[in-house]
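Take this structure, written in structure tokens, and hold onto it; I'll ask about it next.
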Amino acid sequence: MDRPLGVCLVGCGRIAGAHLAALAALPDRLRLVAAVDALPDAAARVAQAHGAVATTDLALALGLPEVDVVLICSPNDAHFDHAMAAIRAGKHVLVEKPLAPTGAQARALAQAAEAAGVVLAAGHTYRHGPAFHYLLDHWGDFGKLMAVEVTSCVRWNGPQAPWWATRAPEEGLILSLFAPHSLDFVQLCMGEDDPIRVHAEAARWQTGWQGEDQAMILLAYPGRRMASVHISYNQPSIIDRKVLHFSKGVVEIEDGEFLRFNRELLVEPPAGVVRDGRVMGGRDLGHYFRIQLEEFVEAAHGRPHRCVTGGQAARTIDLIDRILADARAHAADAIDPPPPPELALDIEQAVLVDAFQNRL
Ligand SMILES: NC(=O)c1ccc[n+]([C@@H]2O[C@H](COP(=O)([O-])OP(=O)(O)OC[C@H]3O[C@@H](n4cnc5c(N)ncnc54)[C@H](O)[C@@H]3O)[C@@H](O)[C@H]2O)c1
């Protein structure tokens, strides 16, 4: 029996709560040893609840011999420095998506992890649900894949963390923060191939941030396969739908949980997991984070696992770089000027809806 791995959590904000709940559900495998945050109070709150050390100093936490693995839940801009420090300290690392702000940085992390002999995994959380596992485990039953459509539209009334508001349009908002989930799914379906052509349109409808909050992406893959992705932060009636066109029929995955093949329901979640897929917080997301941590533990012990590892995740970041460049090349005029009053959505102030901790 393995002893529980000692965890250092870096970034004790919104999404950290989902990881901590998952960690608490796996006491025989993981225990929190250190909580790091730039804000001492945030680190102290988490550390106190778990009997861990609180610090603002990542190097100090990485120096603790009890730390085996590092969970990085800091803002996107900090991922590269935090992950590189953890890798150099010889720790296994799970980095929230996106693995790094640019493809070049993501690849540098992947190479560093390989050289150090540690696991580098990216938090593409929604891969870890039963419907996706079923899809992969039965892939051969559906015939040849021809096309994938992903629609993932939610409503955030303004920035959900302060740093969302200050991201420059060139860094991407929804393309950086939300697209990684949809693109990871597309890349998962396309195996080892990256797109041969990328087309992207993007626009901004809200005034509370500077980046694009809506995008449509069209991708052409080798072997005549293609994919489309529509993402939005502006849709009050949530859509989370994936449609896969195979030579033997259509696989549809609704709300990440209901899988149908040619309209026949093959996978559905236990009662209560999807209470109302149309509203923020209407789904329980906890099992995704728990399964992701279980897989990460398997990886850290050198056993087979389903984590998205550095090289794979870096390919997705490379793809995001290409999409951002295409959107900036011809759609900047729909993003950079604030939406005119007749287009701006009716949002008085940022309303914080925490879909992860506050399961409505
Ligand atoms: N997998 C998912 O579904 C999912 C969902 C939400 C967010 N995320 C990702 O999680 C990450 C964090 O997002 P969030 O919404 O929790 O943000 P957040 O702002 O709520 O939390 C970030 C925390 O990091 C701390 N921090 C900032 N700079 C730091 C530094 N240099 N060193 C240490 N701590 C620092 C902040 O004080 C804050 O407590 C982002 O990369 C985001 O993309 C993933």
Side-chain angles (χ1 to χ4, degrees), residues 97-100 102-107 110 121-129 131-153 172 174-202 212 214-232 239-254 256 259-262 306-331:
K97 58 79 203 160
L99 176 57
T102 67
Q105 288 175 328
R107 275 180 275 117
H124 290 295
T125 322
Y126 301 105
R127 254 195 201 209
H128 297 287
F132 288 9
H133 286 179
Y134 183 95
L135 174 69
L136 295 181
D137 294 344
H138 295 80
W139 190 265
D141 299 348
F142 308 125
K144 291 189 181 68
L145 180 71
M146 297 180 284
V148 178
E149 299 168 60
V150 178
T151 306
S152 191
C153 298
I174 197 167
L175 288 173
S176 238
L177 288 174
F178 202 41
H181 292 305
S182 300
L183 293 170
D184 175 63
F185 179 75
V186 172
Q187 291 282 94
L188 174 68
C189 294
M190 297 299 175
E192 295 302 307
D193 290 321
D194 292 311
I196 46 180
R197 282 184 297 280
V198 170
H199 313 265
E201 291 291 339
E212 77 296 332
Q214 186 128 356
M216 283 197 175
I217 303 158
L218 197 55
L219 304 168
Y221 281 84
R224 302 187 179 195
R225 293 165 301 162
M226 56 188 97
S228 71
V229 174
H230 178 198
I231 48 174
S232 172
I239 315 173
D240 177 357
R241 183 176 298 140
K242 295 170 178 75
V243 183
L244 295 97
H245 300 255
F246 285 96
S247 54
K248 292 186 182 172
V250 179
V251 173
E252 293 167 276
I253 303 176
E254 195 82 37
L259 183 145
R260 292 180 177 81
F261 182 47
N262 294 336
R306 291 182 189 252
C307 286
V308 187
T309 49
Q312 282 172 289
R315 284 176 44 221
T316 299
I317 309 295
D318 274 332
L319 175 54
I320 292 173
D321 283 352
R322 292 170 68 189
I323 291 167
L324 259 173
D326 194 67
R328 295 299 305 162
H330 60 258

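Since the model is a prediction, treat every value here as computed from it, not as a measurement. Along the sequence shown, residues are numbered consecutively beginning with 1.
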Checklist entry - What's the spacing between R197 CZ and Y221 OH if we round to 0.5 Å? => result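 Reported value, rounded in 0.5 Å steps: 12.5 Å.
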Checklist entry - What residues form a side chain to side chain contact (heavy atoms under 4.5 Å, CB included) with R328, not counting sequence neighbours? => result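 Residues passing side chain to side chain contact (heavy atoms under 4.5 Å, CB included) with R328: P169, E170, A332, I335, D336.
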Checklist entry - With L183, which of I317, I231, V229 fulfils side chain to side chain contact (heavy atoms under 4.5 Å, CB included)? => result V229
Donor-acceptor contacts, no H, no angles, side chain residues 140-151, under 3.5 Å, sequence neighbours left out:
| unit_1 | atom_1 | unit_2 | atom_2 | d |
| --- | --- | --- | --- | --- |
| E149 | OE2 | H245 | NE2 | 2.5 |

Checklist entry - Relative to the ring of F178, is the ring of H181 parallel (under 30°), tilted (30 to 60°) or perpendicular (over 60°)? => result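 Rings of H181 and F178: perpendicular, as their planes differ by over 60°.
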Checklist entry - What heavy-atom pair brings P222 and D194 nearest, and what distance separates the two atoms? => result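 That would be CD-O, 3.5 Å.
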Item to check | Interatomic distance, R241 atom CZ to E252 atom CD [nearest 0.5 angstrom] | outcome: 7.5 Å
Checklist outcome for this item: For M190 and M226 the tightest heavy-atom approach is CE-O, 3.8 Å
Item to check | Rounded distance [0.5 Å steps], CD1 in I253 versus CG in D240 | outcome: 9.0 Å
Next on the checklist: Determine whether C153 and H230 satisfy the following criterion, side-chain contact (heavy atoms from CB on, under 4.5 Å), listing intermediate values before the conclusion.
Outcome noted: CA-CA 7 Å; C153 298; H230 178 198; 4.0 Å; yes
Checklist entry - Do you know which of L324, V186, I217, V198 makes side chain to side chain contact (heavy atoms under 4.5 Å, CB included) with L319? => result V198
Next on the checklist: Is it the case that the side chain of R322 and the backbone of P195 share a donor-acceptor pair, with hydrogens and angles ignored and the cut-off at 3.5 Å?
Outcome noted: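 Yes; at least one donor-acceptor contact below 3.5 Å.
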Item to check | Heavy-atom pair of closest approach, residues A100 and A106 | outcome: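 Closest pair (atom of A100, atom of A106, distance): CB-N, 3.6 Å.
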Checklist outcome for this item: Closest heavy-atom pair, A200 versus H330, reported as atoms and distance to 0.1 Å, is O-NE2, 2.7 Å
Next on the checklist: Any side-chain to backbone donor/acceptor pair from E212 onto L175? Under 3.5 Å, distance only.
Outcome noted: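 Answer holds: yes.
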Next on the checklist: Looking at every heavy atom in both P180 and T316, which two are closest together, and how far apart are they?
Outcome noted: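 What the structure gives for the nearest pair is O-CG2, 4.4 Å.
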Checklist outcome for this item: All heavy atoms of H124 vs all of A313, minimum pair found to be NE2-CB, 4.3 Å
Checklist entry - Do D193 and R225 pass the salt bridge (Lys or Arg N to Asp or Glu O under 4.0 Å) test, and can you show the C-alpha distance, the side-chain angles, and the key distance before you say yes or no? => result CA-CA 10 Å; D193 290 321; R225 293 165 301 162; 2.6 Å; yes
Next on the checklist: Looking at D184 and K242, is there a salt bridge between them, counting it only when a charged N and a carboxylate O are closer than 4.0 Å?
Outcome noted: no
Item to check | Within-4.5 Å side-chain heavy-atom neighbours: L99 and V308 | outcome: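 No, every pair of side-chain atoms sits at 4.5 Å or beyond.
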Item to check | Spacing of CD belonging to E192 relative to CD belonging to Q187, to within rounding of 0.5 Å | outcome: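 Those atoms lie 10.0 Å apart.
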Next on the checklist: Tell me if the aromatic rings of F132 and F185 count as close, with their centers under 6.0 Å from one another.
Outcome noted: yes
Next on the checklist: Can you tell me which residue among V250, L135, L259 is in a side chain to side chain contact (heavy atoms under 4.5 Å, CB included) with L244?
Outcome noted: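 When V250, L135, L259 are each tested with L244, the side chain to side chain contact (heavy atoms under 4.5 Å, CB included) holds only for L135.
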Checklist entry - How long is the gap from OG on S176 to CD1 on I323, to the nearest 0.5 Å? => result 11.0 Å
Item to check | Interatomic spacing from CG in L219 to NE2 in H199 - rounded to 0.5 Å | outcome: 8.5 Å
